[in-house]
Structures are given as C-alpha cells and as structure tokens.
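Quantities reported herein were computed from a predicted structural model and do not represent experimental measurements. Just so it is clear: chains get the letters A, B, ... in the order the sequence lines come, proteins before strands, and each one is counted from 1.
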Amino acid sequence: MTTVLNVSGVNKRFGGLQALDNVNLKVEEGQTLAIIGPNGAGKSTLLNVCIGRLAPDSGSVEFHGETLIGKQPYEINQAGVARVFQTPEIFPELNLLENVMIPALSKRNGAFHFNIISRMREEKQIEADAISFLEEFGLQDQSDNEAGTLSRGDKRRLELAMCLVQKPKLLLLDEPTAGMSRHDTNTTIELLKKIKESGMTKVIIEHDMQVVFSLADKIVVLAQGAIIAGGTPDEIRNDPKVQEAYLGEEQV
Amino acid sequence: MNDQKKLARDWSRRQILKASATGAVLAASSSPMFFVKDAWAANFRNNPGNSSSVTLGFNVPQTGAYSDEGADELRAYKLAVQHLNGEGDGGMLNTMTPKSLTGNGILGKKVKFVTGDTQTKSDAARASAKRMIEKDGVLMVTGGSSSGVAIAVQGLCQENGIIFMAGLTHSNDTTGKDKKRYGFRHFFNAYMSGAALGPVLEKEYGNERKAYHLTADYTWGWTQEESMRKFTEALGWQTSKAVKTPVGAGDFSQYITPVLNSGADVLVLNHYGKDMINSLTQAVQFGLRDKQVNGKNFEIVVPLFSRLMAQGAGSNIKGILGSTNWNWSLQDAGSQAFVKSFGQAYGFPPSMAAHTCYVQTLLYANACEMAGTFNPPEVIKSLEGFSFDGMGNGPTEYRASDHQCFKNVLVVRGNMNPSSQFDLLDVVQEVPRSQVEYDPAIFGGKLGPYTV
Amino acid sequence: MDTISRKGELRMMALFAVIVLLMPIWLIPFGAAYPDLLQKFAIFGIFAVGFNILFGLTGYLSFGHAVFLGVGSYAAVWSFKLFTMNVIPAVIFGVLFSGIFAAVIGFVSLRRSGIYFSILTLAFAQMSYNLAYSVLTPITNGETGLQLRLHDLRMIDGLFIEAGEGLPLTNLFGIKMSGYPGFYFCAVLLILAFYLALRIKNSPFGMALKAIKSNQLRMGYTGFNTRPYLMSAFMISGMYAGLAGALLAVTDPLAGAERMQWTASGEVVLMTILGGVGTLFGPLLGAGLIKYFENIFSSYNDALLQETFSFLPDMLNNLMVGIISPFVGDGWHLTLGGLFMVIIIFLPGGIVGGITMVWRRYMKKRGASAEMEGETS
Amino acid sequence: MDSIFLQILNGLDKGGAYALIALGLTLVFGTLGVVNFAHGAIFMLGSFCAVTTQNLLTYSKKVKDESITYFEAFKEVPYLEIWWGDTGSFIIDYKVPFSILLAIPVMLLIGLAMERGLIRHFYNRPHADQILVTFGLAIVIQEIVKSIYGANPIPVPAPAIVAGSASIGSWIGLGESVVYPWWRLIYLANALVVISAVFSFLKFTTYGMVVRAGMQDRETVGLLGIDIQRRFTVVFGMASVVVGIAGVMYTPILSPDYHMGMDFLVLSFVVVVVGGMGSLEGAVVAGFMLGVLQSFAAMNEIKSIFPGIDQIIVYLVAVIILLTRPRGLMGRKGVMED
C-alpha cells in the first residue's frame with residue numbers, strides 16, 4: 001500500500017498559541033482517515049496546512065512524495081487533491097450541469113487554458129461525464145436549474161459530484177454534514193459510503209460521531225494541537241485518553 | 001398601427017433611395033467620392049438650393065463648467081436670428097457699416113437654427129457639429145467657449161467645407177498654428193491681451209517688477225503665459241517663477257503659498273473660468289493684496305477677464321487689471337444698440353461671449369449677402385479683409401492672412417464702486433488696434449485650400 | 001445548457017448583421033440615421049461589448065476603462081501621423097498599444113478584487129488622464145487633442161502619393177473613412193467583434209470567467225489558476241476598448257485627453273448596466289441609447305418642442321413643453337441619471353434583462369394555460 | 001523653512017476637508033456596508049445650504065436701477081437692510097456661520113430621506129449595484145442643483161472680520177511675512193472640533209457604543225434585541241450632517257458650484273481606501289496625510305525633480321498602499337481585504 005498523504009513533524013504557532021504541536025499523520029491509499037477533536041483543537045488549522053493554505057512553522061506535508069507547502073490551491077488541486085467545504089462551495093449562478101462540467105474541464109485542460117474558439121456545447125465528452133456524475137448523485141432531473149436554488153443537502157451532493165468528476169487521488173472533507181438535518185446527514189453518509197466503496201482515499205474532519213464511526217478506517221484525535229490518540233474506530237472508542245479529552249462528557 | 005404605417009410611407013421613397021445608395025457604396029467601393037460629396041446636390045455642401053430657409057448651427061456648452069457662458073451665447077444667437085429675419089428692434093443691424101443686410105433673412109431666405117451641446121469636450125463638440133452638418137444640413141457652425149473645442153470644431157468644419165465662426169476662444173493657436181481657411185475669429189487672443197496690457201502695466205506698476213505666474217496647465221494657459229512674459233519682460237520686468245497648475249484643481253492654496261515668500265511683487269493668474277475664480281479668491285484670502293514686497297504694493301493681474309467670471313469672484317475682483325474683448329458699458333452706438341435689445345429681451349446686459357457670438361452671426365450673414373451666394377469659397381473671400389464698424393469695437397478688420405479680427409482691445413479694472421450689480425468692470429483704456437497688431441508669420445500655420 | 005447551438009449562433013449572427021448594416025434605414029424615423037451618430041453607435045457598441053467581457057463575465061467592475069479608449073485613439077492618430085493614412089495599421093496599432101497598457105494596468109490592478117479593483121483602475125485612469133493633459137503634452141497635445149498636420153511625416157504615404165494642399169483623409173486603400181463608408185467599416189468590425197464576444201461567452205474560457213464571477217474560492221480549489229483568466233479577460237476587454245478608440249480616430253482623426261477621464265469610464269458602465277450586464281445585446285442597446293440621448297436629446301430646444309407638439313391646442317402645447325423641457329436640451333444629463341436609477345432599482349438586469357423576464361413569464365403563463373387546455377380537452 | 005511651515009499648515013487644512021468627507025463616507029460604509037457614490041453630492045448640498053442662506057438673507061426688494069438707461073434693470077436691496085439697517089447688514093455678513101443653523105436640520109432630513117427612500121433597499125445588493133445607484137443619484141442631485149442655481153460658481157464670502165489673513169508668523173517667531181488666511185484657520189479648527197465630536201459621540205455615549213458594536217458585528221447586536229437598523233438610519237443622517245458642515249464651512253474657500261461634489265468624490269474615496277475601509281481613525285489620518293502630501297508635491301523644488309507629481313500624487317499613494325497593505329493604513333485585518 002502506498003502512502004498518499006504524509007504529514008510529519010508539523011508545528012504551527014499563532015502568537016502565543018501552539019495551534020499544532022508536532023503532528024504526524026499518514027494516509028494510505030484507499031483509506032478513510034477521520035480527524036476528530038473538541039472545538040479549538042486545531043482541526044481546521046491542520047486541514048489548512050494540508051492544503052497549503054497555511055505554511056507550517058516547521059515540518060513537512062507531502063502528497064505522493066511531493067511537498068504541498070507553499071503551493072497555491074489550484075496547484076494542489078491539479079496534483080490530485082479535491083476539497084469539500086463546511087458550507088458547500090458551488091457556483092450558485094450556474095446550472096448544475098455547468099457546475100460539474102467546470103471541474104471536468106480543469107482536470108482535462110489544466111490550470112489555465114486559453115480556449116476561446118471551441119464551444120461548450122461541443123464538449124460532448126465532458127458533458128457526458130458530467131451527466132453521468134449527476135445521475136450517480138441523483139441530481140440529473142435538476143441539471144438545468146441554477147445551483148443556488150438547491151437545498152443544502154443537494155448542494156453538498158453537487159459539491160461532491162464536482163470533486164469526484166475530477167477523479168481525485170485524495171478527497172478532503174471539512175465537516176460534510178455540518179448544519180444538516182438528520183435526514184440529509186443520513187443520505188450524505190450513504191453517499192460517502194458509496195464513494196468509499198469505490199476505493200477513494202479520504203480525510204474527514206467531523207464533529208458528528210455517527211458519521212465518523214460509520215465511515216472511518218482510522219481515526220486521529222486532536223486536542224490542543226497535538227495528536228493524543230490514533231487507531232481504528234474500536235480502539236478509539238475504548239481509549240481512556242480520548243474518553244477523557246473528548247468523549248468523556250458524553251459517556252457520563 | 002396606422003400611425004406607424006403612415007410614418008413608414010412618409011420616409012419611404014427618397015430615404016430608401018438614399019439608403020440603398022449607401023448599400024451600393026459597399027459594393028461600388030471603387031468610386032469613393034460618390035458619397036462624401038452630396039452627389040445629388042449642387043456644387044457645395046448643404047446647398048439650400050430653392051429652399052425658403054437656411055439653417056445655422058449654434059454649438060455651445062450647455063452642460064459642464066461653462067454652461068452659463070453657453071446659455072448667454074445662445075441668447076445672443078437667438079437675438080441675432082430675430083434681427084436677421086427682421087424681427088425685434090434690429091439691434092446692430094442699425095449701426096453696422098458697411099452693411100449689405102436688409103432684415104429679410106439671408107439672401108431672402110428665412111434664417112432657422114439648431115442648437116447642440118459641446119459639453120466643453122472636443123469629442124462631444126465635434127459629434128454635435130457633425131450632427132448639425134450631416135443631419136440638420138447647416139451652412140455655418142458657430143459657438144464654443146474654449147480654445148480646445150474651437151480648434152477641434154474648426155478642423156472638422158474645414159474637412160467638411162462648412163464655415164466656422166468661432167465664439168469665445170482666446171488661444172493664439174486658433175488663428176495661429178491651427179488656423180483654417182474655413183475658420184474665422186472675431187474674439188481677440190492671448191497675444192493681443194499681452195500687447196494691450198503691457199504699457200498699462202508699465203504705467204501703473206512701473207518697470208521694475210518681479211512677476212510670478214500661475215498658469216493653467218493646458219494649451220490656452222501656455223500661450224497666455226508666453227504672451228504675458230514676452231510683453232512684461234520687454235518692459236524690464238523679471239519673471240521670478242512660472243508654475244503650472246492642474247486644470248480644475250479647486251483649491252489652489254498649495255500653489256499660492258510659495259508666492260508669499262518668493263520675492264515676487266506681481267502675481268499673474270493665467271487662469272480662466274472656475275479656475276480663475278478660485279485662484280483669485282484664494283490669492284486675496286492669503287493676503288497678497290495687502291502685502292508689501294520690495295517696497296511696492298503687491299499686485300495681481302488677470303490677463304483675461306469676463307463679466308461672468310467677475311460675478312463669480314465677487315468683491316475679490318476690485319481693482320484688478322485685465323483685458324477683455326468687449327464690455328457692455330461701452331458708449332458707442334453699436335454697443336448701446338446691442339445692450340438695449342439684449343437687455344429688453346432678457347433683463348440683464350450681455351456678456352462678452354454673447355457679444356462676440358452675436359457679431360459673428362451678423363458678419364457671416366453679411367458676407368453671404370455681399371457674395372450673393374452661400375457658396376463657402378465666395379463667402380470666405382468676402383469675409384477676408386472685410387473692414388467694418390459700428391459693432392462695438394470701433395473700426396475692425398478681418399485680416400485675410402489669418403482670419404483674425406483686428407480691433408481695439410479693452411484694458412479693464414475691477415470696479416471699486418460698482419453702481420449696479422452688472423457694473424463690475426471699469427474700462428481703463430481702449431488700446432488702439434495698431435498697438436496689438438502682429439505679423440501672422442510669427443505663429444506659423446497654414447490656412448489651407450478654398451475648396452475641399 | 002444556457003448557450004446556443006451552432007445553427008442558432010449562425011441565425012443570430014445573420015440577423016444581427018442585417019440589423020446593424022440596415023441601421024441607416026430603420027433609424028430614419030428616429031432622426032438618428034446620419035453617419036456620425038451611426039458611427040458612434042457602432043464604435044461605442046464595440047466598447048461596451050468589450051467592457052461586458054470583463055464586467056459581465058467576471059464581475060470585475062473597472063472604473064477606468066476609458067484609458068484604453070484614449071490609448072487606442074492616440075496610437076491610431078500617431079500611426080496616421082508617422083506612417084500612413086491607411087486605417088488598417090492604425091487599427092492594429094490601437095489594439096496593440098491598448099493591449100500593452102491593459103497588460104500593465106491589469107497586472108497591478110488584478111491583484112485586488114471587489115471595490116479595491118474598481119478604485120485601482122480609477123486611480124490609474126485619473127493618473128493617465130492628468131498626465132496626458134499636462135506633462136505628456138508632447139505626445140498627446142494636451143487639451144487641444146492630437147491632430148493631423150500638413151507637415152506630418154507619413155513615411156509610407158510619402159513614398160507613393162504627392163502630398164496635397166489640404167489635410168489628407170483617412171482611407172481604406174483609397175476609400176475615404178468619413179461618412180457612410182466609415183460607418184460600414186465600423187459596422188463590419190462591430191459584427192466581427194460581436195461574433196468574437198459571442199464565441200468567448202460560449203467557450204470553455206468564457207465559462208471559466210462566469211465561474212470566477214460566481215465563486216472565485218471554488219475556482220481555485222477546482223484547479224483553475226484564476227489570475228491568467230482574469231488577465232486575459234482584462235486584456236481582451238482593453239483591446240476592444242482600444243479598437244473602439246482607434247475607430248474613433250479612423251472616422252475622425254483626433255484624440256483628446258478627455259476620452260480618458262473617469263466620467264468617460266463611468267459612461268461605459270452606464271451603457272452596460274442600462275442595457276443589461278452579462279447579456280450579449282444589452283451593452284449594445286445601452287451604448288446606442290446613451291449616444292442617442294447625448295446627440296438627439298441634447299439638441300432639443302423649446303422651439304423644437306413647440307414644433308413637435310404643434311398638433312396640440314396652445315395651452316396643452318405649452319404645458320407639454322413646460323413638462324418636457326427640463327429633461328431635454330441642457331437637461332439631458334438629468335434624464336440620463338434618472339433613467340439610470342430607475343433601471344438599477346427596478347430592473348437590475350437592465351433593459352434586456354427586463355425583456356427576458358417578461359418574456360419568460362409570458363411563456364410560462366402560456367405554457368401553463370396550454371397545459372390546462374390539454375387537460376380539459 | 002517658512003514655506004515648509006506654510007505648506008504643512010496648508011496640507012492640514014486641505015486634509016481637514018478630506019478627513020471630514022472621508023469620515024462621513026466611512027461612517028456610512030462601516031455601519032450600513034453601503035458604498036455611497038452620492039456622498040460628494042451631499043457635500044455639495046451642504047455648500048448650497050450656505051448659498052441658500054445667503055439668498056434668503058439677501059431676499060431683496062427690486063428697485064429700478066437708474067444707472068442703466070438702455071433697458072429696464074433692477075437693483076436689489078435686501079429687505080433685511082431696509083428693515084434693520086446696519087443690523088441687517090451685519091446679519092448678512094455673518095451668513096456662513098448662520099447657515100450652519102440651516103444646514104444641520106436640512107442635511108439631517110436629506111440624509112434620513114435618502115436612507116429611508118433609497119439606500120435602505122440596497123443593503124443586500126452587491127457593492128457594484130450600490131455604487132451605480134448612488135452614482136445615478138449623484139447625477140440627478142447635481143443636475144437639479146444646476147437647474148436651480150446655474151453652473152457658475154457662486155461666491156459666498158466669509159464675514160468681513162475674518163476675510164483677511166492672520167500674521168501667524170509673528171505668533172510663533174517666524175516673522176511678519178508668514179501669514180495665513182483667518183478663515184482657513186477657522187476651517188481647520190472646525191474640522192478638528194467636528195471630528196472630536198463624532199469620536200466622542202461614538203466612544204462615550206451608549207448610543208454611539210451600540211453603533212460601534214454594530215459596526216463590528218451587526219448580527220450579534222441585532223440579536224440583543226436592539227433596533228440596530230434604526231440607529232444606522234440615524235448614523236446616515238449624522239454622516240450627512242458632518243459632510244454638510246464640511247461643505248458649508250468650505251464655501252468661503254471654494255465658491256460652490258453644482259459639480260464640486262464629483263470633484264471631491266474620487267478624492268475622498270481614495271482617502272477612505274488609503275485609510276482602510278470602515279476605519280474611522282484611518283479616514284482621519286489618511287485625510288490629513290494626503291492633504292499634506294499634496295501640498296508638498298506642489299512645491300516647486302519637488303516638481304522640478306518629478307514633473308507632474310502634483311497631478312498624480314494622491315493616486316500614486318493609493319496604488320502603492322493598495323498593493324502593499326490592502327486593508328489600508330488602519331483597516332482591521334480581514335475587513336474588505338480581498
């Protein structure tokens with residue numbers, strides 16, 4: 001098994017606050033890694049370091065052996081990392097089909113392609129691809145609608161479709177069910193399970209334990225910027241340190 | 001629906017012919033002359049032919065900073081049209097000599113007019129003039145309140161073979177390096193201002209002076225500064241500094257403070273319009289007029305004055321010397337006749353912009369009568385070298401070599417004790433024509449051909 | 001998909017070409033069928049269509065776009081002065097130089113977005129204007145504007161033609177470019193420019209621009225490097241403006257600094273908004289309307305109004321003239337401002353947006369009633 | 001030395017005007033989030049309050065003017081002078097200070113009407129729409145003013161007692177020759193007073209504190225059950241009064257005309273951006289800084305090194321600031337920084 005993402009010895013300080021303290025992580029191909037931790041534990045900072053948005057004070061972040069530090073978001077995406085945001089980031093003024101065709105174009109044409117002569121209409125291959133992904137996510141009926149009119153759950157599904165149409169090597173999910181109704185959460189879990197079956201490598205940051213335990217192969221627990229535990233869901237469930245730091249109150 | 005059909009029929013035949021002809025141009029591009037000249041008309045542009053009326057184009061600033069001047073010019077034009085058509089009291093038609101006008105329109109045709117907005121921008125002014133020429137079929141374009149606009153429109157009129165009678169334009173370039181065969185200027189220019197002011201300045205302020213110039217940073221300002229320096233330096237004055245200021249700066253204080261300690265004892269403001277109102281007001285506020293430098297009273301000179309500007313500057317104008325083309329307080333018969341009919345029509349006296357525009361219209365009409373035709377080359381020839389009197393400036397000549405009018409220039413002073421709200425300028429001296437005349441060769445430029 | 005098919009495109013272009021080329025006929029009832037105004041329609045149409053490529057597609061509101069218009073004009077006039085009166089090199093120089101200017105200004109301004117971008121472009125425009133008006137006078141001839149002179153160099157023309165007595169005229173291999181031929185030259189370029197804009201809008205590149213407007217963050221995380229996209233859009237749009245500027249000089253060889261003033265930049269914004277941002281025809285319509293107002297409305301005076309309403313009884317006539325006269329003639333700016341506010345408040349999509357909305361509603365209603373009929377029968 | 005001192009004073013003076021205009025603009029932006037292009041027009045309206053006061057005070061009886069013989073002309077004698085003689089002349093002389101009394105309620109009303117009638121409907125529209133609609137409003141306002149008062153500047157002189165200049169040099173030992181106009185000193189003082197008043201209001205009154213809190217975090221304050229909307233309306237009125245006073249006091253320095261708002265608008269936007277969008281302190285600091293810079297750029301010594309620098313200095317500074325420190329001199333991190 002190859003290592004997709006390798007985070008080693010990462011430190012990050014904000015003023016007097018040690019946001020990340022010697023964090024080491026490895027994500028293997030096909031694995032789903034969940035990062036959990038109480039609020040302010042440094043989950044978002046870690047994610048931002050992983051995608052190059054924040055430069056760590058020390059340490060390295062490597063993706064398939066290539067460093068991600070100092071790279072622009074588009075470079076990281078072109079390298080094969082796709083990202084799902086806490087609040088779905090889609091193109092609200094464009095219709096669903098266009099929303100999915102754009103990432104497909106990026107995958108095929110690269111970061112910049114000055115193509116003003118060909119017509120969108122004639123990008124048949126891209127269009128077919130996009131339609132098949134819309135179908136897969138059950139959005140095909142709405143493909144002519146503006147994406148901004150979708151429900152939050154549908155927006156999330158659209159965003160996933162946009163990420164997956166690029167066939168990324170790594171998918172990062174930042175609290176994919178935050179702010180969703182129970183019903184939407186459940187459908188999203190189903191969806192993520194399906195994606196997992198296809199062998200996609202994923203990193204999930206999540207609050208919702210139901211989501212974490214039903215999806216993750218491996219869980220890492222962050223507290224005050226440091227990893228206090230890591231292992232399979234079962235190991236984590238039974239780790240006393242975790243119970244103390246995070247699950248404790250709920251268990252009592 | 002019926003109305004639309006009717007409309008369609010109205011513009012049907014001739015227009016469609018015309019339009020299909022334009023289409024033909026595309027195909028028949030080998031005969032380009034076909035469209036530029038009015039192929040179906042006679043020998044010159046916008047020939048009125050058998051029509052019972054002729055149209056003149058009054059192109060004045062209606063929006064922007066000079067729109068008050070523009071409005072006054074338009075009043076004068078309307079008056080001129082009335083007088084030409086034999087309406088009203090006739091104004092200067094009663095005093096002009098020699099005169100071919102009869103108060104029966106021009107060459108028996110009733111005078112009509114169209115108006116346009118120059119916005120004091122070359123582009124807008126040319127667009128407006130083109131509309132007049134291409135759409136309204138005017139025979140002559142006149143107006144304007146800025147040299148840049150006048151030069152731009154004059155060039156256009158030359159290309160189109162339409163006579164341009166410039167309104168208020170004071171730059172040397174209009175009849176200097178940018179002069180045109182089809183362009184005529186009655187107004188005086190910066191050179192003449194300098195020539196007229198020089199001796200008066202010497203008399204009033206002596207010949208040991210140090211002058212500090214503030215100059216509007218554009219063509220007119222530069223020619224004004226150049227002329228003023230030429231004539232004051234000839235008197236023995238020194239030019240301590242000449243500073244360019246951005247047009248429309250509003251607050252000139254940062255340019256005025258350096259004057260205070262420069263050792264200069266005269267400030268020459270080569271500004272016009274809003275800029276002049278502001279810079280003069282601020283110069284007075286900075287106490288320049290109460291100052292003593294080199295044992296002499298500090299003085300301010302504004303080479304180009306107008307009554308509208310004097311109104312804007314309020315009491316700051318009092319006692320300040322400048323030059324002007326014409327003032328309503330002149331006592332000659334022509335001026336009185338014009339002030340009378342203007343005053344009766346509008347309730348206040350005309351500005352110098354109004355005067356020059358009125359005179360220009362009459363001069364054009366008169367030249368057509370003299371030539372007996374509207375054909376521009378003939379009209380131009382009768383204007384060139386035309387000498388006349390009774391139009392407010394004494395004996396005047398349209399010099400053939402540069403189309404500049406030569407006449408007496410007024411040196412004026414801001415009135416210390418105005419007897420009425422319009423009585424703002426005192427005439428200090430009528431500088432005789434001989435003193436402000438110059439050789440046209442000094443500015444270069446070429447008039448160009450009679451036929452285009 | 002929101003774009004049109006190849007066949008639809010062809011049909012649309014054919015219709016468009018016919019409408020543009022027949023303007024000298026169908027504008028007659030409006031009193032607008034004279035060469036200068038027709039030229040202005042075509043030229044400012046190009047300007048607005050180009051501006052819309054930037055503002056309409058990417059949402060970046062440039063408040064200094066008139067700079068490129070000015071640069072295009074200056075470059076074209078210099079081409080007339082230095083090389084030849086033929087308009088082809090002038091147009092090429094105009095586009096080229098405005099492209100270079102756009103590259104420089106865009107490189108700096110596009111480092112910011114939103115209102116900061118607007119202010120940066122505005123600052124650059126004001127600097128260019130102030131300099132062109134004063135210090136750069138040797139190049140721009142200041143307030144008077146850059147004009148042709150008899151003794152200009154005209155290197156290429158000098159080889160072939162003896163200089164005449166008067167100023168030479170701009171020409172396209174012998175066809176004079178004033179009057180109607182000038183209009184047709186501009187009109188053909190407008191049609192080409194419009195076609196290019198149509199293709200850009202419907203291309204993957206155009207789609208990327210729309211996506212940048214919609215969500216720039218997502219664009220980055222989707223793997224697009226947005227800077228070169230914005231740069232290209234800015235440069236294309238600047239070159240359109242340069243083309244328009246060059247054409248202004250082609251039909252009338254004069255270039256003035258006031259073309260670069262920020263109010264001139266504001267005007268193209270007004271045009272685009274008035275017609276409809278992001279729509280294909282909107283900017284054209286807006287450009288036409290504003291130029292029409294400027295030229296026709298400003299020429300209305302009381303006498304003309306009296307004549308227009310002369311069919312009414314005297315009292316009504318005076319009343320109508322009284323009501324209308326503040327809004328025409330020297331009041332046309334008031335009309336413009338008022339109309340503009342009304343559009344922004346009630347029709348954010350501009351005139352074309354408004355028409356589309358009404359049309360869609362109508363179609364929906366008809367669709368609904370057709371369904372009803374289907375059910376009942 | 002003298003000239004540098006004068007240029008600094010002059011720059012501060014100019015800066016006072018910029019600061020006041022920018023302060024109003026920032027208040028509106030900070031509280032309402034609205035980019036107001038009609039702000040310059042409000043400044044212009046303030047100036048025309050002074051013109052209107054002058055017109056009201058000099059409302060005149062028309063008397064046949066005997067000195068003009070060609071046509072019927074009338075001399076205007078103000079009723080105030082007819083009724084009260086010298087007292088009347090005295091009141092007329094003090095028209096600028098008096099016009100502040102008119103300007104405060106009028107500008108407040110205009111501000112409230114504008115906010116209620118127009119701006120309110122644009123809170124949730126994009127900045128571009130706000131810019132454009134207020135731009136349209138500015139055109140309409142200035143055209144209406146033009147149709148009433150004409151296009152030429154209208155002189156509104158300061159009271160005669162302060163018409164001259166103060167020999168400020170002798171106060172501080174620079175010699176008699178260093179003088180500065182009284183009214184400009186008054187303007188500077190006035191600017192400082194108004195600025196302090198605005199800051200004290202925001203700092204020391206509970207009302208002001210709520211507004212400031214609302215500027216930081218609108219939603220939370222709204223959640224506290226405070227009608228922040230209403231307060232913002234009042235703030236808009238206040239901003240109009242501030243800029244209106246700036247306009248009134250400026251009239252003796254710059255004769256007002258219908259277009260003066262547009263001339264100041266671009267400049268005041270540059271000031272706001274340099275200071276930092278939404279930062280009141282920034283607006284004040286940047287206003288004074290740009291005023292002083294502009295003054296120095298106009299000095300002959302500097303112009304001889306960089307020709308034309310006085311024409312572009314303000315914009316140049318704006319470009320440099322925006323590129324190196326996008327949030328402006330004193331802008332808060334993360335506010336409008338993109």
How long is the span from the [atom1] atom in [X] to the [atom2] atom in [Y], to the nearest 0.5 Å?
X: C:Ser109; Y: D:Leu323; atom1: OG; atom2: CG; answer: 8.0 Å
X: D:Ile309; Y: C:Leu131; atom1: CD1; atom2: CG; answer: 9.0 Å
X: C:Thr263; Y: D:Ile139; atom1: OG1; atom2: CD1; answer: 9.5 Å
X: C:Ser134; Y: D:Ile312; atom1: OG; atom2: CD1; answer: 9.0 Å
X: D:Tyr315; Y: C:Gln126; atom1: OH; atom2: CD; answer: 4.0 Å

Heavy-atom pair count under 4.5 Å with chain C, highest-scoring of [options]:
options: D:Val266, D:Thr134, D:Val314, D:Val273; answer: D:Val266
options: D:Leu137, D:Ile131, D:Leu322, D:Val319; answer: D:Leu322
options: D:Ser147, D:Gly136, D:Pro307, D:Pro126; answer: D:Gly136
options: D:Asp129, D:Leu316, D:Ile144; answer: D:Leu316

**OP:** State whether the side chain of C:Asn130 and the backbone N or O of D:Gln311 hold a donor-acceptor pair below 3.5 Å, judged by distance alone.
**Re:**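 Checking the backbone N and O of D:Gln311 against the side chain of C:Asn130, a donor-acceptor pair under 3.5 Å is found.
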Please give me the minimum heavy-atom distance between [X] and [Y], naming the atom from each residue.
X: D:Phe269; Y: C:Ile115; value: CE2-CD1, 4.2 Å
X: D:Arg125; Y: C:Ile344; value: NH2-O, 2.6 Å
X: D:Gly308; Y: C:Val135; value: CA-CG2, 3.3 Å
X: C:Met341; Y: D:Val140; value: SD-CG2, 4.0 Å

Original post:
Should D:Leu265 and C:Trp262 be marked as a side chain to side chain contact (heavy atoms under 4.5 Å, CB included) after you check the CA-CA gap, both sets of side-chain angles, and the distance that decides it?
Top reply: CA-CA 11 Å; D:Leu265 174 72; C:Trp262 77 278; 4.2 Å; yes
Let me know if [X] has heavy atoms under 4.5 Å from chain D in its side chain, its backbone, both or neither.
X: C:Val342; result: neither
X: C:Ile345; result: both
X: C:Leu61; result: side chain
X: C:Ile343; result: neither

**OP:** Could you look at D:Ile141 and say if it's the side chain, the backbone, both or neither that has a heavy atom under 4.5 Å from chain C?
**Re:**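 Looking at D:Ile141, nothing touches chain C.
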Original post:
Does D:Arg325 CZ have over 12 foreign heavy atoms under 6.0 Å away?
Top reply: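 Counting other residues, nucleotides and ligands, CZ of D:Arg325 exceeds 12 neighbours.
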Original post:
More than 12 non-hydrogen atoms from neighbouring residues, nucleotides or ligands closer than 6.0 Å to CZ on D:Phe236, yes or no?
Top reply: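 Yes, because the 6.0 Å sphere around CZ of D:Phe236 holds more than 12 heavy atoms from other groups.
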Original post:
Parallel under 30°, tilted from 30 to 60°, perpendicular over 60°: which one fits the rings of C:Phe340 and D:Phe135?
Top reply: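 Perpendicular: the ring planes of C:Phe340 and D:Phe135 meet at over 60°.
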Subject >> Whether C:Phe63 and D:Phe37 hold their rings parallel, tilted or perpendicular, with breakpoints at 30° and 60° >> reply: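 Plane angle between 30° and 60°, so tilted.
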Original post:
With chain D, which of C:Thr335, C:Val108, C:Val277, C:Val269 has the greatest number of heavy-atom pairs at distances under 4.5 Å?
Top reply: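 Greatest number of close heavy-atom pairs with chain D: C:Val108.
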